[in-house]
Amino acid sequence: WPGWPGDNVFRLMVPMQKVGSIIGRKGEFVKKMCEETRSRIKILDGVPGTSERVVMVSAREEPDAVISPAVDGLLKVHARIIQGSEGEGDGFQTIHTTVAVSSRLLVAATQAGSLIGRQGATIKTIQDASGAIIRVMPIEDLPLCALQDDKVVEIQGDAAKVHKAMELVASHLRKFLVDRSVLPLFELNRAVQSQSQQTVSHASWGNSSTSALTCTTGSGIGGGSHYAPSSFQHDNYYPTSDPLDTYHHGVSMYGRDPGIGGLNPSMAMAPPPAPVIT
């Protein structure tokens, strides 16, 4: 499909007091993680009155890689959250195995269903392999920083087990890919979705390919940073945009057949060809 292989997107919920351990002094930690993993890491704007921020990690999928750039970026961010200020390393070996932690991911409902599996087989396999407890939380526990059709995946247990479970969950969800043009929709939340949906939808169908990548929410980390600009732009790690990358999928961001998902706006608006006189 146009835009193949698409992008992986992961959204990790992080306590406010842990955000600094991800950014580092003058952004040194988050910049290093972006460079090492070739992923884009962005701390989204918080919702007033809440104690958590959403960290979005995205990157173009690399089907032949054992660990995709986005999964690698997610795991490095998660390791820093668990380690906090106790160390500057970002390797799994430095995680304390005896410290009980809880980590939460925001996933689309379709992803949550796939993660559970038939009669809970998939989630049970991941729990057995990691030793952590994994739960898909009920709709009543959906935070304001989520989208309307999101689910919260909560992982609890010793730090090392939770980190292993995070790796297994992300590896399973890696197969869910999105067109890069819909990435700004993941930066919305329930608190602003109703007001922003119409604006974002209009921008994504504009004539300019750059307007489809401009998000009205989410300031990132510092206005002048190349790894988290205030407007949603192509990352330096991505190849030059192809005209086919402006392909859109309709309302659902997952699970749509690209053959019926939408039209390329440039094709839809193109004038009829001029007649050829021989």
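Here the structure is a predicted model, which is why all the values come from computation and not from measurement. Only heavy atoms go into these numbers, but all of them, side chains included; no hydrogens, no water, no symmetry mates.
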- CD (Glu167) and CD1 (Ile126) are apart, to the nearest 0.5 Å, by 11.0 Å

- Among Leu106, Ile81, Ile22, which residue meets the side-chain contact (heavy atoms from CB on, under 4.5 Å) test with Leu12? Ile81

- Taking the side chain as C-beta and beyond, is there a heavy-atom pair between Arg80 and Phe29 under 4.5 Å? yes

- Item | Non-hydrogen side-chain atoms of Leu168 and Ser171 separated by less than 4.5 Å | no

- Message: In the structure I gave you, are the side-chain heavy atoms of Leu142 and Lys151 within less than 4.5 Å of one another anywhere?
- Response: no

- Message: Using only atom types and a distance under 3.5 Å, with no angle test, would you say the side chain of Gln111 pairs donor to acceptor with the backbone of Ala108?
- Response: yes

- Query: Looking only at atom types and distance, does a side-chain atom of His163 sit under 3.5 Å from a main-chain N or O of Asp158, one as donor and one as acceptor?
  - Reply: no

- Query: Should Asp150 and Arg11 count as an ion pair when the cut-off is N to O under 4.0 Å?
  - Reply: yes

- Message: Walk me through whether Leu183 and Val9 qualify under side chain to side chain contact (heavy atoms under 4.5 Å, CB included).
- Response: CA-CA 8 Å; Leu183 289 179; Val9 182; 3.2 Å; yes

- Query: Would you call Ser58 and Phe186 a side-chain contact if the rule is heavy atoms closer than 4.5 Å?
  - Reply: no

- Message: Do Leu105 and Met13 make a side-chain contact, defined as non-hydrogen atoms from C-beta onward lying under 4.5 Å apart?
- Response: no

- Any chance you could lay out the side-chain hydrogen bond (donor to acceptor under 3.5 Å, both in side chains) test for His172 and Ser114, step after step, and finish with the verdict? CA-CA 9 Å; His172 179 79; Ser114 174; 2.9 Å; yes

- Exam field: side chain Ser21 to backbone Lys18, donor-acceptor pair closer than 3.5 Å: yes

- Query: Is a side-chain N or O of Glu62 found less than 3.5 angstrom from the main chain of Ser68, in a donor-acceptor match?
  - Reply: no

- Message: Atom CD of residue position Gln17 - does it have more than 12 heavy atoms of other residues, nucleotides or ligands inside 6.0 Å?
- Response: yes

- Do Ile43 and Val14 have side-chain heavy atoms sitting under 4.5 Å apart? no

- Query: Would Met137 and Val54 show up in the same hydrophobic cluster when neighbours are defined by side-chain heavy atoms closer than 4.5 Å?
  - Reply: yes

- Message: Tell me if a side-chain donor or acceptor on Arg104 pairs with a main-chain N or O of Val152 at a distance below 3.5 Å.
- Response: no

- Item | His78 and Ser103 side chains, donor-acceptor separation under 3.5 Å | yes

- Message: Hydrophobic clusters here meaning ILVMFWY residues chained together by side-chain heavy-atom distances under 4.5 Å, can you tell me if Ile155 and Val99 are in one?
- Response: yes

